[in-house]
Amino acid sequence: MSVELMSKIFSQYWPMFLRGAAATLMISLTATILGCLIGLLIGVVRTTPTPERGAKRGILRALNGIFSVYIEFFRGTPMIVQAMFIYFGITGATGINMSAYTAGLITLALNAGAYISEIFRGGIQSVSPGQMEAARSLGLSHSMSMVRVVLPQAIRMMIPALINQYIITLKDTSIISVIGVRELTQSGKLIIASNFRSAEIWFTVGFMYYVTVYILSKIGRLIERRMSYVQSKNK
Amino acid sequence: MYKVKINNLIKSFGTGNVLNGIDMSVKEREVVCIIGPSGSGKSTLLRCINALEVATSGTIIVDDYEITDPKVDINRVRRNIGMVFQQFNLFPHMTALKNITLAPRALKILNKEEAEERAFSLLKRVGLESKAHSYPHMLSGGQQQRVAIARALAMNPDVMLFDEPTSALDPEMVGEVLSVMESLADEGMTMILVSHEMGFAREAADRVIFLDEGVIVEENEANELFANPQNERTKNFLNMIL
């Protein structure tokens, strides 16, 4: 593993590395955004108090049941199994044709969604109940109070956890290389297949992950500090 | 004409009854003060009136709306019932002005100009015109509570509920909040408050209700109740706080 060799490899294969890194960033970002939408939906539904009677009670309880099975399943099984199940299992069983890219994206989004649901739930619950009560006492509906009063405060507190989840998803993207998605790890594998330089290639791949995560966590830290400043001022 | 009429209200949490058969009524323009030891159920009673707590049984009627009817549009009814909380509960991510204009605008009762015009006149009424663009954290406790009163008034309620509005305040700020409440009472607002401010009860309240262990033990005109309590429990309680 010499510097010369490394620079030679990089100059030869850099378009593949960069394409891989770009794919990793794109997939993880899309998956996190989709995961946030799932998390928002589930977090809001799970924090809605169940009415004592009526049809809404049944619907809410059924939804909560489905959501907890979903969260339990995705948090309790390895992602590699989830990816295999979605790509090979579902396509095989239903005949639906799905590209590896789509299957990988769905896996990551559902996985991130399960964790982000809990972040949303925690965030919403960390807002003082008095806020919801004050909004309701003015005649605002539960959903209106959620959107105007509770969520703006909850999301502010959730930002560090969401950035952390994005970093986890970014690293987890390497797992979907097992179903053949051409992200950074898969690009590394393909380059090794053509030149057999394992050490140099894996080092480069690792380094590229590290740099990306480092930059993201710095940005995260920056936002976190800004937020805690705003928070302490708002206390 | 009754503004609020409560019949045999029972509220239980789990095993015990917090409210054990409350009958009371409040007339238009009347100011009623509920007093009682902690845990007597006075805050729960107040919170049942705008359904922040759901009554276990009994009926509550406010403005001809039966709050305890499961089919009632509670959001509609709550517009007529303003509430002021012990902990102010101002929205920390909004300025004083936005706190006040939120409900009338979100519920499409007023447009932006009208809502702001009303907010400014309410802020003027509570003496805080200059704080319209301040966030809650920039205001003192007394100022926050005055903004909270203005926020509740923005919906033009015809009943106001006050849940220990001065208990979380530093002593020097109690006066400014009470004087706002007094002027509201003078203008004829129907008010129900839970408070330990005996001075205020004496000055502004038409009637004082003494609540203990979930039942109304005694009620009377304020001076009369303080000077001539009839029940032993009322006497003991008044001895402790006066």
Side-chain angles (χ1 to χ4, degrees), chain A residues 40 44 47-61 120 123-160 162 223-235, chain B residues 43 46-47 49-56 70-71 73-95 98-109 134-139 144 147-148 151-157 159-163 168:
Chain A
L40 172 66
V44 165
T47 51
T48 303
T50 341
E52 309 229 347
R53 50 191 162 243
K56 268 174 94 181
R57 177 183 167 87
I59 296 168
L60 206 57
R61 290 185 64 161
F120 264 93
I124 290 168
Q125 283 171 343
S126 72
V127 175
S128 147
Q131 292 290 311
M132 176 58 92
E133 287 183 352
R136 295 304 305 273
S137 77
L138 291 164
L140 270 62
S141 65
H142 178 88
S143 51
M144 223 181 236
S145 310
M146 191 51 96
V147 171
R148 298 297 194 98
V149 173
V150 178
L151 281 176
Q153 298 180 60
I155 289 171
R156 209 172 284 193
M157 281 185 264
M158 286 160 43
I159 283 175
L162 287 178
I223 297 174
E224 207 173 320
R225 210 173 312 146
R226 240 198 85 74
M227 283 298 153
S228 69
Y229 171 69
V230 173
Q231 209 89 70
S232 68
K233 268 178 57 180
N234 269 344
K235 195 60 215 167
Chain B
S43 283
L46 200 70
R47 291 161 56 86
I49 297 173
N50 68 350
L52 282 183
E53 301 288 354
V54 179
T56 308
K71 287 193 285 291
D73 178 2
I74 192 62
N75 297 326
R76 183 69 195 74
V77 186
R78 279 181 179 144
R79 294 183 189 181
N80 292 342
I81 312 172
M83 185 160 198
V84 175
F85 299 85
Q86 184 178 357
Q87 299 296 337
F88 330 134
N89 294 346
L90 287 181
F91 309 131
H93 57 301
M94 297 177 190
T95 60
K98 282 271 162 58
N99 263 278
I100 299 169
T101 57
L102 173 73
R105 289 201 57 203
L107 297 170
K108 301 201 163 49
I109 293 166
S134 302
Y135 283 89
H137 68 91
M138 300 153 81
L139 303 173
Q144 287 190 51
V147 173
R151 177 177 69 178
L153 291 173
M155 292 298 292
N156 258 338
V159 182
M160 284 283 285
L161 310 176
F162 294 85
D163 188 2

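Just so we're on the same page: letters track the sequence lines, and every chain starts at 1.
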Nearest 0.5 Å, what's the [atom1]-[atom2] distance between [X] and [Y]?
X	Y	atom1	atom2	result
R136(A)	R78(B)	CZ	CZ	4.5 Å
F91(B)	S145(A)	CZ	OG	7.5 Å
E133(A)	R47(B)	CD	CZ	4.0 Å
L138(A)	N89(B)	CG	CG	10.5 Å
L102(B)	L140(A)	CG	CG	5.5 Å
K98(B)	R148(A)	NZ	CZ	10.0 Å

Is the CZ atom of R61(A) crowded by more than 12 outside heavy atoms at less than 6.0 Å?
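Open: at most 12 neighbouring heavy atoms sit under 6.0 Å from CZ of R61(A).
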Interface residue of largest heavy-atom contact number with chain A, from N75(B), D73(B), I81(B), L52(B), under 4.5 Å:
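So the answer, after comparing N75(B), D73(B), I81(B), L52(B), is N75(B).
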Mind listing the closest non-hydrogen atom pair of P92(B) and Q153(A) along with its distance?
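That would be CG-OE1, 3.1 Å.
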Contact summary for R151(B) and A134(A), nearest pair of heavy atoms:
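Smallest heavy-atom distance, with atoms named: NH2-CB, 3.4 Å.
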I'd like to know if the side chain of Q131(A) and the backbone of L90(B) have a donor-acceptor N/O pair within less than 3.5 Å.
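Between the backbone of L90(B) and the side chain of Q131(A) there is a qualifying donor-acceptor contact (under 3.5 Å).
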Can you tell me if N50(B) uses its side chain to pair, donor with acceptor, with the backbone of S137(A) under 3.5 Å?
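No, N50(B) side chain to S137(A) backbone: no donor-acceptor pair under 3.5 Å.
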